Visitor: 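Encoded as structure tokens, here's the structure I'll be asking about.
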Amino acid sequence: MEKAIALPNYINNQWCTSNATEYLDVINPATAEVLARVPLSLASEVEQAVQAASEAFGNWRRTPPTERVQYLFKLKNLLEEHFEDLARTITLECGKTLAESKGEMRRAIENVEVACGIPMMMQGTNLEDIARGIDEMMIRQPLGVCAVIAPFNFPGMIPFWFLPYAIACGNTYIVKPSEKVPLTMQKVFQLLEKTGLPQGVVNLVNGAKEVVDAILDHPKIRAISFVGSTPVAKYIYSRGATNGKRVQCQGGAKNPLIVLPDADLEMTTRIAADSAFGCAGQRCLAASIAVTVGEARRSFTEAIAETAQKRAVGSGLDPGIEMGPVITAQSKARIEGLIQQGADEGATVLVDGRSPNIPSYERGYFVRPTILQNVDPSGDIARTEIFGPVLSLIHVETIEQAIALVNGGQYGNMACLFTSSGAAARKFRYEAEAGNIGINIGVAAPMAFFPFSGWKESFFGDLHGQSNHAVEFFTQTKVVVERWPSNWSRQF
Ligand code: NAD
């Protein structure tokens, strides 16, 4: 086999070979084939990127917002032009189906489109005559150098929850992609290069912990966005905040989906299956617990078990495939271990997706859809984020018990309800303790013009990604109070 290419970093508008001594293989999870090698870059390379971004900041913040967004218009067109290639790259390195990758890129582009409205979104406020002859205004100014640390599961979309807003607001930026899926950002940065953005405005540093720690500790980095697992989110939030930075961290999840007896069974089953098994369950908004209420138990259990068994599993590039592999061999082993743990805690493995045979992809990291029935709500498996295609079934008798179950969980990323009752929907929307709520929607992913609102252990910070929250996160407010003596007319 040819030696896999070593990926470069992009610093100060130059593609540069890393000085790293360690590289990791980037692997296609459907075939276990090595696609490339990613450097575990050094703290000194973060230093170079910060230096470049910091030097670029002065001129970039003085570039009028109307001019800054012209680069985003160009980027939007380039992303559309290269849409198929970007989606294919996501599928190759991350495993999801091509349709899922296209959906992901569409969401990425929507964030660029929204950030093109910065000349409106970044405006401040003012009031004349706060006292006689005195006016007051609040203006928004960029912070300086900002950075994002991204997870593996949406290599194309997640950096776009932040980057377009950050640079449109006049900041300069550093992206640290997940070391498991660095290829998509290589392609995105090739397109960013084509927009003609000035030197140092956007930078890409590949790597893992050394790069992250250098970002957390660098005095010139003003704000950090993180998306990933909760333990790492807590670490980044506390270390970044101790160093005086603005930090927003989106963490893990364990999302419940509630089925009331009056829900439309066919629609609920179809949507629940997509929520639990879409992207092989590796979505932070995936439903991982289905709570049946009253008479919904029997009909939903039968229907979801049948749907899970029928799901077409294979390489995401092949037509007709509904679910791809999970990300790594370690992840497959972990998920299969957690299925066993569920069984050991007393659940029935109603549909068992462990060790499947996927013809032509015997080396891939596949787990088929799995359903655990009668999961103990107080057991470990009901609380652990599995991050694989495993749906746990829990049964309760009333909507109050279902809401208590939702609210008793440590996470608060998403909760959804399936019903035909408006009153039940309102009660749920009002009482459920989660930042994203779905009513007859299985993956309640906010559009780019709404904030991505995780709660509890799914989010650390106050301002979320996307929309006006991103504009607030990437700007600092300045209040000006002014008085102009009224004797000016004597000069003329
Ligand atoms: P992860 O926490 O392992 O890694 C995320 C990033 O942190 C990577 O860039 C990685 O290099 C870095 N990192 C990992 N360990 C580190 C350490 N000890 N010190 C410093 N940096 C470290 O997450 P993942 O496995 O890539 O992604 C899956 C997780 O992300 C799941 O928990 C999922 O729920 C979560 N997620 C959350 C959201 C959300 O919006 N809340 C969205 C997507 C994914």
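A quick note: this is a predicted structure, and the numbers were derived from the prediction, not measured. In listed order, ligands and their atoms are each counted from 1.
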Visitor: Relative to the heavy atoms of Lys209, which atoms of ligand 1 are at a distance of less than 4.0 Å?
Guide: 19 (N), 20 (C)
Visitor: Does any N or O of ligand 1 fall below 3.5 Å from an N or O anywhere on Val227, backbone included?
Guide: no
Visitor: Is any NZ, NE, NH1 or NH2 atom of the basic residue among Asp213 and Lys209 found under 4.0 Å from an Asp or Glu carboxylate oxygen of the other?
Guide: yes
Visitor: Among all protein heavy atoms in this structure, tell me which lies nearest to atom 34 (O) of ligand 1, with the distance rounded to 0.1 Å.
Guide: Glu385 OE2, 2.6 Å
Visitor: Using non-hydrogen atoms of the residue, decide whether Phe459 is closer than 4.0 angstrom to ligand 1.
Guide: no
Visitor: Strictly under 4.0 Å, does any heavy atom of Tyr411 approach an atom of ligand 1?
Guide: no
Visitor: Just which atoms of ligand 1 are under 4.0 Å from any heavy atom in Ile158?
Guide: 42 (C), 43 (C)
Visitor: Do Phe473 and Trp161 pass the ring pair (Phe, Tyr, Trp, His ring centres under 6.0 Å) test, and can you show the C-alpha distance, the side-chain angles, and the key distance before you say yes or no?
Guide: CA-CA 12 Å; Phe473 185 78; Trp161 286 350; over 10 Å; no
Visitor: Which atoms from ligand 1 have a heavy atom of Lys176 less than 4.0 Å away?
Guide: 8 (C), 9 (O), 10 (C), 11 (O)
Visitor: Which residue holds the protein heavy atom closest to atom 26 (O) of ligand 1, what is that atom called, and what is the gap in Å?
Guide: Phe152 N, 3.0 Å
Visitor: Just wondering, do Val443 and Arg283 contact through their side chains at under 4.5 Å, heavy atoms?
Guide: yes
Visitor: Write out the residue and atom name of the closest protein heavy atom to atom 2 (O) of ligand 1, then the distance separating them to 0.1 Å.
Guide: Ser229 OG, 2.6 Å
Visitor: Any atoms of ligand 1 less than 4.0 Å from a non-hydrogen atom of Val212? List them with their elements.
Guide: 20 (C), 21 (N)
Visitor: List for me each residue that meets salt bridge (charged side-chain N to carboxylate O under 4.0 Å, His left out) alongside Arg363, sequence neighbours excluded, and say none if there are none.
Guide: none
Visitor: What are the atoms of ligand 1, with element, lying closer than 4.0 Å to any heavy atom of Trp161?
Guide: 40 (O)
Visitor: How about Tyr173 and Ser225: do any of their side-chain heavy atoms sit closer than 4.5 Å?
Guide: yes
Visitor: Could you say whether the N/O atoms of Phe154 and ligand 1 ever approach to under 3.5 Å?
Guide: no
Visitor: Considering only heavy atoms from C-beta outward, does the side chain of Ser18 approach that of Glu45 to under 4.5 Å?
Guide: yes
Visitor: Flag the pair Tyr165 / Val114 as yes when at least one side-chain heavy-atom distance between them is below 4.5 Å, and no otherwise.
Guide: yes
Visitor: Among all protein heavy atoms, pick out the one at the shortest distance from atom 36 (N) of ligand 1; state its residue, atom name and that distance to 0.1 Å.
Guide: Cys284 CB, 3.6 Å
Visitor: Between the candidates Ala150, Gly228, Gly465, which shows the shortest non-hydrogen contact distance to atom 6 (C) of ligand 1?
Guide: Ala150
Visitor: Do Arg107 and Phe154 meet the cation-pi criteria used here (NZ or CZ under 6.0 Å from the six-membered ring centre, within 45° of the axis)?
Guide: no
Visitor: Could you check whether any side-chain heavy atom of Phe366 comes within less than 4.5 Å of a side-chain heavy atom of Val313, counting everything from C-beta outward?
Guide: yes
Visitor: At under 4.0 Å between heavy atoms, which part of Glu179 makes contact with ligand 1: side chain, backbone, both or neither?
Guide: side chain
Visitor: For atom 44 (C) of ligand 1, which of the options Ile149, Asn153, Leu285, Thr230 provides the nearest non-hydrogen atom?
Guide: Asn153
Visitor: To the nearest 0.1 Å, how far is atom 27 (O) of ligand 1 from its closest protein heavy atom, and which atom is that?
Guide: Pro151 CB, 3.3 Å
Visitor: Tell me: protein heavy atom nearest atom 28 (C) of ligand 1, and distance?
Guide: Phe387 CE2, 3.6 Å
Visitor: Under a 4.5 Å cut-off applied to non-hydrogen side-chain atoms, are Glu93 and Leu35 in contact?
Guide: yes
Visitor: Assess the side chains of Thr91 and Ser101: does a donor N or O sit below 3.5 Å from an acceptor N or O?
Guide: yes
Visitor: Distance-only, no hydrogens or angles: does the Thr31 side chain make a donor-acceptor pair with backbone N or O of Glu33 under 3.5 Å?
Guide: yes
Visitor: Return yes when Gly251 approaches ligand 1 closer than 4.0 angstrom through a heavy atom, no otherwise.
Guide: yes
Visitor: Taking the side chain as C-beta and beyond, is there a heavy-atom pair between Phe418 and Ile271 under 4.5 Å?
Guide: yes
Visitor: Check this for me - ligand 1, Ser178, N or O atoms closer than 3.5 angstrom, yes or no?
Guide: no
Visitor: Below 4.5 Å, heavy atoms only, C-beta onward: do Cys284 and Tyr411 meet side chain to side chain?
Guide: no
Visitor: Which residue and atom name correspond to the protein heavy atom nearest atom 7 (O) of ligand 1, and how close is it?
Guide: Phe226 CE1, 3.3 Å
Visitor: Out of all atoms in ligand 1, which are within 4.0 Å of some heavy atom of Gly252? Include the element for each.
Guide: 32 (O), 34 (O)
Visitor: Where do Phe189 and Tyr10 land on the ring pair (Phe, Tyr, Trp, His ring centres under 6.0 Å) test, with the steps shown first?
Guide: CA-CA 8 Å; Phe189 269 74; Tyr10 184 76; 5.8 Å; yes
Visitor: What is the nearest protein non-hydrogen atom to atom 22 (C) of ligand 1, stated with its residue, atom name and distance?
Guide: Val232 CG1, 3.7 Å
Visitor: Out of all atoms in ligand 1, which are within 4.0 Å of some heavy atom of Gln250? Include the element for each.
Guide: 39 (C), 40 (O), 41 (N)
Visitor: Return a yes/no value: protein heavy atom under 4.0 Å from atom 32 (O) of ligand 1?
Guide: yes
